[in-house]
Amino acid sequence: MTPPARPPRALAYRALGLGDLLTAVPALRALRRAVPGHRLVLAAPAWLHPLARHTGAVDTCVAAAPLAPLPPAVAAPDVAVNLHGRGPQSHRVVLATRPRRLVAFAHPDVAESAGGARWDDDEHEVARWCRLLAGAGIPADASDLDLDPPPAPAPAGARGATLVHPGAASPARRWPVERWAAVVRAEADAGRRVIVTGGPGDAAVADAVAAAAGTPRATSVGGATDVVELAALVAAAARVACGDTGVAHLATALRTPSVVLFGPTPPSRWGPPPERTQHVALWAGRRGDPHAPEVDPGLLEIGVADVVAALATVGRAPRGARRAEEVGA
């Protein structure tokens with residue numbers, strides 16, 4: 001008996017972090033619409049898979065580490081889209097699966113990418129991947145960022161609280177613990193409950209901020225939540241304060257008002273869409289190395305008073321108002 005033919009498959013490769021996944025959601029949804037009969041597989045870190053499935057854009061996920069070989073289960077896709085980077089390394093990871101068609105940015109060292117869109121360093125991350133797909137004949141809507149709140153109930157005390165997320169992947173983007181603690185105290189003094197969160201590896205930072213704040217109105221849940229539970233916390237919160245990290249993109253996707261602190265990277269690259277006026281991006285106007293081993297000088301130019309003032313007004317701006325604010329401007 002002839003075995004049944006497998007359904008056509010599409011592969012999307014984005015083996016990066018939480019913010020990277022969320023900024024790629026419009027592109028993933030565009031790909032989903034373009035190949036409705038394909039089984040769409042996302043190659044991404046395993047801890048992100050529950051949230052990736054919650055987007056509704058993918059059928060399944062496979063575990064992937066940055067630039068590591070992909071598992072044999074994704075071999076020979078009908079179309080493969082490199083949403084990971086400009087190449088050449090990421091192009092070669094995807095090409096090793098032997099796709100019938102590659103969608104990727106053009107790179108002179110990878111002949112198979114010839115004809116692809118050209119990379120633009122200064123482009124917003126969401127627009128970048130939408131433009132890649134549009135260049136391949138796949139229309140993409142950069143505003144298609146929204147997520148429904150996860151079906152899990154909101155954790156105790158989260159509804160209406162201020163969520164403070166002090167961690168970030170690199171030291172350059174980590175505002176000092178004592179400043180975050182001062183923000184937590186100010187929110188508590190204003191009569192608000194505060195939940196301090198942390199991602200993988202951030203439990204100690206979240207605990208340190210809550211302890212330094214010294215208020216019973218603040219609770220640390222750093223390291224105690226998975227990515228879907230973190231999304232449920234953000235969805236339940238009244239406002240979010242965080243650095244340039246994945247939680248900022250959760251706030252955008254869940255439409256929770258936020259104040260986001262930018263240091264080495266400008267909001268024009270990774271910030272919330274300017275038309276979403278419930279978000280404030282604070283930036284001193286200085287660029288630097290986002291992977292530096294020390295906190296960025298521009299980030300340090302943002303003071304506690306700047307953050308507290310923004311939190312007092314966030315979410316109440318008239319529609320169409322500009323909400324990217326340069327500190328001291």
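These figures come from a predicted structure and were not determined experimentally.
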For this session: Give the C-alpha distance, both sets of side-chain angles, the deciding distance and a yes or no for salt bridge (charged side-chain N to carboxylate O under 4.0 Å, His left out) between R9 and D78.
Result: CA-CA 6 Å; R9 287 184 299 168; D78 295 272; 5.8 Å; no

Problem set entry | Derivation of the side-chain contact (heavy atoms from CB on, under 4.5 Å) call for R131 and F105 | CA-CA 10 Å; R131 182 173 61 84; F105 281 105; 3.7 Å; yes

Exercise. Do L300 and R179 pass the side-chain contact (heavy atoms from CB on, under 4.5 Å) test, and can you show the C-alpha distance, the side-chain angles, and the key distance before you say yes or no?
Worked result: CA-CA 10 Å; L300 291 176; R179 297 195 191 184; 3.9 Å; yes

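A231 approaches L51 most closely through the heavy-atom pair CB-CD1, 4.3 Å. Scanning all heavy atoms of the two residues, the minimum distance from V58 to A52 falls at CG2-O, 3.7 Å. Closest non-hydrogen pair, G222 versus A203, comes out as O-CB, 3.3 Å. For the pair A206 and G198, the tightest heavy-atom approach, listed with the atom from each and the gap, is CB-N, 4.2 Å. D202 and A168 make their closest contact through OD2-N, 4.1 Å (heavy atoms, listed as atom of the first residue, atom of the second, distance). Taking all atoms of both residues into account, the shortest heavy-atom contact from H84 to A15 is ND1-N, 3.2 Å.
Cluster membership for V183 and V209, using ILVMFWY side-chain heavy atoms within less than 4.5 angstrom, is shared. No continuous path of hydrophobic side-chain contacts links V110 to W119 [ILVMFWY only; heavy atoms under 4.5 Å]. Grouping the Ile, Leu, Val, Met, Phe, Trp and Tyr side chains by contacts below 4.5 angstrom, directly or via other members, places L16 apart from L133. Linking ILVMFWY side-chain heavy atoms closer than 4.5 Å, directly or via other members, places L299 and V164 in a single hydrophobic cluster. The hydrophobic cluster containing V314 also contains V194, counting ILVMFWY residues as joined when their side-chain heavy atoms lie under 4.5 angstrom apart, directly or transitively.
Checking side-chain atoms of R128 against main-chain N and O of D120 turns up a donor-acceptor pair under 3.5 Å. In terms of modelled atom types and a separation under 3.5 Å, the side chain of R185 and the main chain of G214 share no donor-acceptor contact. At distances below 3.5 Å, at least one donor-acceptor pair connects side-chain atoms of D306 with backbone N or O atoms of G303. Judged by distance alone, with hydrogens and angles left aside, the side-chain atoms of T245 form no donor-acceptor pair with the main-chain N or O of V247 at under 3.5 Å. In this structure a side-chain-to-backbone donor-acceptor pair under 3.5 Å is missing from R255 to D146. Formation of a donor-acceptor pair under 3.5 Å by the R174 side chain with backbone atoms of A169 is found in this model. With hydrogens and angles ignored, the 3.5 Å screen pairs no side-chain donor or acceptor of H91 with any backbone N or O of D109. Looking only at distances, no side-chain donor or acceptor of R53 sits under 3.5 Å from a matching main-chain atom of T60.
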Per-pair distances, 0.1 Å, donor-acceptor, side chain in residues 284-293, under 3.5 Å, sequence neighbours excluded:
unit_1 : atom_1 : unit_2 : atom_2 : d
R286   : NH1    : E301   : OE2    : 2.4
D289   : OD1    : H291   : N      : 2.9

Review item, side-chain donor-acceptor pairs of residues 65-77, under 3.5 Å, at least two apart:
none

Under 3.5 Å, which donor-acceptor pairs do the side chains of residues 34-46 form with other protein atoms, sequence neighbours left out?
none

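For the residue pair R239 and T162, a side-chain donor N or O sits within less than 3.5 Å of a side-chain acceptor on the partner. Using a 3.5 Å distance cut-off with no hydrogens or angles, the side chains of S258 and H279 do pair a donor with an acceptor.
Not counting sequence neighbours, the partners of E229 by the side chain to side chain contact (heavy atoms under 4.5 Å, CB included) test are T225, D226.
Residues P139 and R33 are not in side-chain contact: their nearest non-hydrogen atoms beyond the backbone lie 4.5 Å or more apart. With contacts defined as side-chain heavy-atom distances shorter than 4.5 Å, the pair R14/D20 qualifies. At a threshold of 4.5 Å between non-hydrogen side-chain atoms, the residues V196 and D207 do not count as touching. For the pair L282 and V307, the minimum side-chain heavy-atom distance is below 4.5 Å. The shortest side-chain heavy-atom distance between L11 and T97 falls under the 4.5 Å cut-off. Using a 4.5 Å cut-off on side-chain heavy atoms (C-beta onward), V103 and N82 make no contact. A 4.5 Å side-chain heavy-atom check between R32 and D59 finds at least one atom pair inside the cut-off. At a threshold of 4.5 Å between non-hydrogen side-chain atoms, the residues I138 and L31 count as touching.
Contact check on D121 versus R269 returns no salt bridge, with no Lys/Arg side-chain nitrogen under 4.0 Å from an Asp/Glu carboxylate oxygen.
We find the CZ-SG distance between R29 and C130 to be 11.0 Å, quoted to the nearest 0.5 Å.
Across L83, V93, V81, a single residue satisfies side chain to side chain contact (heavy atoms under 4.5 Å, CB included) together with Y13, and that is V93. Of the residues T252, L163, I195, the one that meets the side chain to side chain contact (heavy atoms under 4.5 Å, CB included) test with V234 is L163.
Applying the ring-ring contact (aromatic ring centres under 6.0 Å, His included) rule to pairs touching residues 152-202 yields W175-W180, sequence neighbours excluded. Among residues at least two apart or in separate chains, ring-ring contact (aromatic ring centres under 6.0 Å, His included) pairs with a member in residues 225-270 are H249-W270.
For E294, the CD atom counts as loosely surrounded, since its 6.0 Å shell holds 12 or fewer non-hydrogen atoms of other residues, nucleotides or ligands.
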